[in-house]
Structures are given as C-alpha cells and as structure tokens.
Amino acid sequence: MAMTMTKRNATSPARVASPIQAYLERLHVQFAGSSSGRVANYIPELAKADPASFGIVIATVDGHVYEIGTTRQAFTIQSISKPLVYGVALEDCGGERVQQAIGVEPSGDAFNSISLEPGSGRPLNPMINAGAIAASSLVGGPTREARLARVVDAISAYAGRPLAVDEAVFESERSTGHRNRAIGHMLRNYDIVSEDPEPALELYFKQCSVLVDCRDLALIAATLANSGINPVSGQRAVRAEFIGPILSVMTTCGMYDFAGEWVYRVGMPAKSGVGGGIIAVLPGQLGIGVFSPALDERGNSVRGAKVCEAISSELGLHFLLPPRPSASTVRARYTLASVRSKRRRPASEGRVLDEHGQRAAVFELQGDLRFATIEPVLREIFDADEGLHFAVLDFKRVTHADLAATRMLAGLVHCCAARGQQVVLTRVRRGELLAAFSSELNPHSARSVSFQPQLELGLEWCERGLLERYATARAPSAIAGLAEHRLCVGATAADVAHLEALVERCQFEAGASIVRRGDAADALYFLMRGEVSVIVELPQGGFKRLSTLSAGMGFGESALIAGGVRSADVRADTAVDCCTLGAEAFARLEHERPSLMIRLLHNLLHSTANTAVRLTSEVAALEG
Ligand code: DON
C-alpha cells in the first residue's frame, strides 16, 4: 500500500503527511470498507482482478503527485483509452474528418450499445464502443504495427512512461469480443469504417489492453488538465487545440448513461474503464486517478465514482463553480504623474510630467488573459477620458494570453489608433505571448503600438512623448561649464572657479564602465555631456537599471559622503564628458572652501530629497 508524497522529502521518523496527503489518506480509509459492485467478467481475463484493490492519486499541473493505496499495481486501461485515441484521430485526420465519422452527442445508452445515428450510421460519440472503434479506424500509419505504435506511444506520453499491451487481456477480449465485432461490421456497413473492420477492432482491443497503474491515470488526467503536456515529463501528448474537443466529449459522454448525474454530482470531465479505473480532469489545475475494480451496472468503478464525488464536493472542484479570481488581472495601475521611468530629469521636465503624467496610464497585468479577464482592462482604457495619450500594458506576470484576449488587445490598438492614442506593450515574451497579435493589426494601427523590452523603457518612451508635446524646452545634452551644473546651483562665481581648478576632466566612450560596484569611492562626478546609467548586477544574472542621468547631474556622492565602497556600477550610455572632484580635494573643501562645500552638500541633499519624495509617491501608487 503506497503512502507517498512524490517530490517531497523522505518521511522523517515521525512521518507528517502534507495536508493533501492527509486528506487522501482519510478518504482512502473512508471508502476502503465499501464492497459493493462486481469486477468485470465478460472479458474473462478481467475477472482475475482483486476487488479489494483501491488506489487514489491526485496529480497537479505543476507536477506534484499525491498517492494513497494500490497505486502501482498494473491493470488494463480499457475505455479510458478512448478519449486519448480520439485525440490521436483528431491529430491524424483533423476535426472535420473525424466529425464526419463520429458525432459528439451523448447517447444516454450503455457503453456497448449499438448507438448509431439513423441514416448515416455515425456513432453518436467517441466514448461509446462504436465511436471508439471508429476512432481506432482513423489512426494514421501505413501498417497495423505502425498504428499500434502510434497509439501506445500516445498513451505512454500521457502517462509519462513507456507502456505496453497485456497480451493475455488482448487475447481474452479479441476471442470474446463478438459484440464489438458486430459493431465493427455495422460501422463497415455504413461505411464509417471504410474497409474490413478487423484491423480497427484489433487496434481497439489492443488499446484497451494497455497496462497502466493508478498513478498513470492521474498523470493522464493531469496531462489533459495541462493543455496536453505531461506535467512531470514535460512531454506533449496531444496538440493543445484538441484538448477542448476531448474534454467536451468526456464531459457529456465519458460516463455513458451516468454522464448527466456525473456532471451534476462531480462536475469534472471524466472517463471510466471496466478495468476499474476512473480519471477526472479539472482543467488548468489537476488530474485525479482512482483504481477499484468493483464496477456498478454501468461499468463504472463504484468506489471510483464515490471518491471523485467526495473530492469534488469537499475540495470545491466542480468546474461550473469557477474559482473566484484569485487576484484581478491588474496587479497595479498608476499614471506617469506618480510613477516615472528610471531616467532622472531636470526639474523643468519633472514639472511637465507632474502636470501631464496622468495622460499616460500604466497597467501591470498578471495571470491568464482571456476575454473575461482582459475585458475590464480594455474597458477602463477605452472609457478613460480623451486626454489619455498613452496606455502601457506590462506583461511580465502574464502567464498566458489566449486568442480571444490577443484579438481584443489588437482591437484596443485599432481604437487607440483611431483616437490618436498610443499603446505600449512591455515585457511581452515574444513568440510565447500574443503570437497572433501582429497579424491582427493593419499598417495604420501597427504604428500606434510600441513593444518595449522593459517596463521602465516603456515609461521612458511615454515620458518622451509627453515632453515632446508639452515641454517648451528640453534638457540640453551637454552643459558648457560647472556654473550650469545642478550641483553648483547657488554657488558663487568664485566658488565655481575654485571648483573648476580642482576638478579633472575625463571622457568615456559609450558602453564604458565609469564606476564599478565595490570600488573605493575616489571621486564625485559632475556629468557635463552625454548620459550614464546606474546599474546593479542581479544574483540571477543580468542587470537592473536603477537610474539614468544626463548632463548637469552628478553621481558618486553616496560612498564619498557615507564612506565605504561603490554600491552600484555606472556605465556610459553615450559618449560622456565628466568633471571629477577627487575624494581628498572634496574632503579638503571643508577647511579650504566651506562655502563651496556647503553649496555642494546642499544641492546633493536637495537631489536626494527629490528622489526620496518621488520614490515615496511611487510606493504609494504601487501599493494603491
Ligand atoms: O470494449 C469493451 O467492452 C472494453 N474493452 C472497454 C469497455 C469499458 O471500459 C467501458 N467502460 N466503462
């Protein structure tokens, strides 16, 4: 009897089960005593099953597996193979061709009923034997062996390990499968199966005889819940576009003439097999596998159904009770009036952005973007007053954007283009998100959208746009002398001349490193021409830009005043001219030229105070 919590640390002496493991253990105890139902015997080999076997497994879409009971004992997959082979048929023949041969309507009949559409002879759905045999006939491959390999490989990909056929069960079913053979010939009669049905029947009997265990079932279900990718192996078992069709027929037809009751009581797409297995799928979240060979009169595992019902009601998993959105799609919203880029700007430009910053709205998005989650954002932007010039949408924390959301976003760009507004999309993982976005844009609207690799580059882009519209003067890219430098504001001409005599002039090429983190603080830098960025290296690699400075600004004061070493790197973004005041000369000012020292310290403090004020308003805006 397995009591494991896969991927968790080995049991300490006083084994403490995780809450989910403890829950499964309680559930197992609760239903272990149930003895109703009978193992299948119409396939003689199946009659050998032990009705006491009982396993429960939950697998999450991020690869955690919780299991209790008989979870590693092999048994044949039987009808649970049907939705998987239906997926293979969809991949090999396409949705249209498959729908010509197999319907998607619940039959309300037993799994082995000859439920064919009057006239066309089309099986009503792929979950009853008739539909499943038709699906087997649509599996691609030049030979029987190739088609069998195609099917076994597909089921193995779902389970995340190589599986094999139980030849004894196959033989037992093949030799007693008269009813299925009759169904096969009915399908041949209606040309649903276009040639001798025997190969399709053989493939069907083989697929039903694939050996699995309860853990495999949960991983099969979790693969269906994870858009077709096995959450442990990472291998894709079926194309994502076919997950909808597969889960739809599992929902409406997976439990045969119990399907309605199942949706009502359990509310998860599911599939049972006469080998005693049941899989249940909670899309996007988890998969459940239960194994207990004692079946009810419909061929569904008695304990399996009870366990799924209990898990669904006790953990609130009914898919028609969607989880309350854990958090809004908008993680943070603010405007450039309260949050700015990392580019330090002269007071004049700061005042323009204070006044017009609300014309650039920023939305930091998160989670899955679907119509329902993106609609409120688009409405907010669309309903914003005409004064809005820029809408910035940040995608760093967006996990997925479906086609509908992508189209809606393109629609937003069209609207904004028509209103002369710009949309800025930042930190979009190109190729992963919004793949179809560009194809949804026309040349005119394409000019109204800008992709920026970093959020703050997006903010800077908008700031530039606002300053181009509303600033009467722009900061010069160079200043002639220290008299124009911000650190010398209010200094006397004599003090400036004294400083001019003390400083050294230096040039740096674009990309050059001017100051390195950890270096001793040897000078105060007066930026005279060009731009530099203050950056820190991130532990996980890469750099984070803390600020960008331009002509008339200073840097290197912190370590100089507070002592210690440089706390960040400073890199020249363009060709740069600087004046540097050495640490000793700076220190001597206290005695040699106190008025200049006071002026410098005053202006340094003023700039630090401005930064503190701006950061405070940003924190308030981001926490808001
Ligand atoms: O065709 C049959 O009868 C079996 N191979 C599969 C039936 C089955 O699993 C029905 N499910 N509950």
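One-based numbering, in listed order, for ligands and for the atoms of each.
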Item checked: Any residue meeting side chain to side chain donor-acceptor pair (under 3.5 Å) with Arg38, in chain and number order, not counting sequence neighbours -> none
Margin query: Classify the ring geometry of Trp262 against Phe258: parallel below 30°, tilted from 30° to 60°, perpendicular beyond 60°.
Written below: perpendicular
Next item on the list: Kindly state whether the ring of Phe31 and the ring of Phe54 have centres lying under 6.0 angstrom apart.
Entry: no
Margin query: Tell me every residue that passes side chain to side chain donor-acceptor pair (under 3.5 Å) with Arg181, counting only those two or more places apart in sequence or in another chain.
Written below: Glu198
Item checked: side chain to side chain contact (heavy atoms under 4.5 Å, CB included) partners of Pro126, counting only residues at least two apart -> Tyr86, Ile102, Val249
Tabulation required: pairs of a nitrogen or oxygen in ligand 1 and a protein nitrogen or oxygen under 3.5 Å; columns are atom names and distance to 0.1 Å; otherwise 'none'.
residue  : atom   : partner : partner atom : Å
ligand 1 : 1 (O)  : Asn129  : ND2          : 3.1
ligand 1 : 1 (O)  : Glu173  : OE2          : 3.2
ligand 1 : 1 (O)  : Asn180  : ND2          : 3.0
ligand 1 : 1 (O)  : Tyr204  : OH           : 2.5
ligand 1 : 3 (O)  : Tyr42   : OH           : 2.5
ligand 1 : 3 (O)  : Asn129  : ND2          : 3.4
ligand 1 : 5 (N)  : Gln78   : OE1          : 2.6
ligand 1 : 5 (N)  : Glu173  : OE1          : 3.1
ligand 1 : 5 (N)  : Glu173  : OE2          : 2.8
ligand 1 : 9 (O)  : Ser79   : N            : 3.0
ligand 1 : 9 (O)  : Ser79   : OG           : 2.6
ligand 1 : 9 (O)  : Val274  : N            : 2.9
ligand 1 : 11 (N) : Ser79   : OG           : 3.3
ligand 1 : 11 (N) : Tyr256  : OH           : 3.1
ligand 1 : 12 (N) : Ser272  : OG           : 3.3
ligand 1 : 12 (N) : Gly299  : O            : 3.0

Note to self: Between Asn129 and Asn180, do the side chains contain a donor N or O and an acceptor N or O under 3.5 Å apart?
What the structure shows: yes
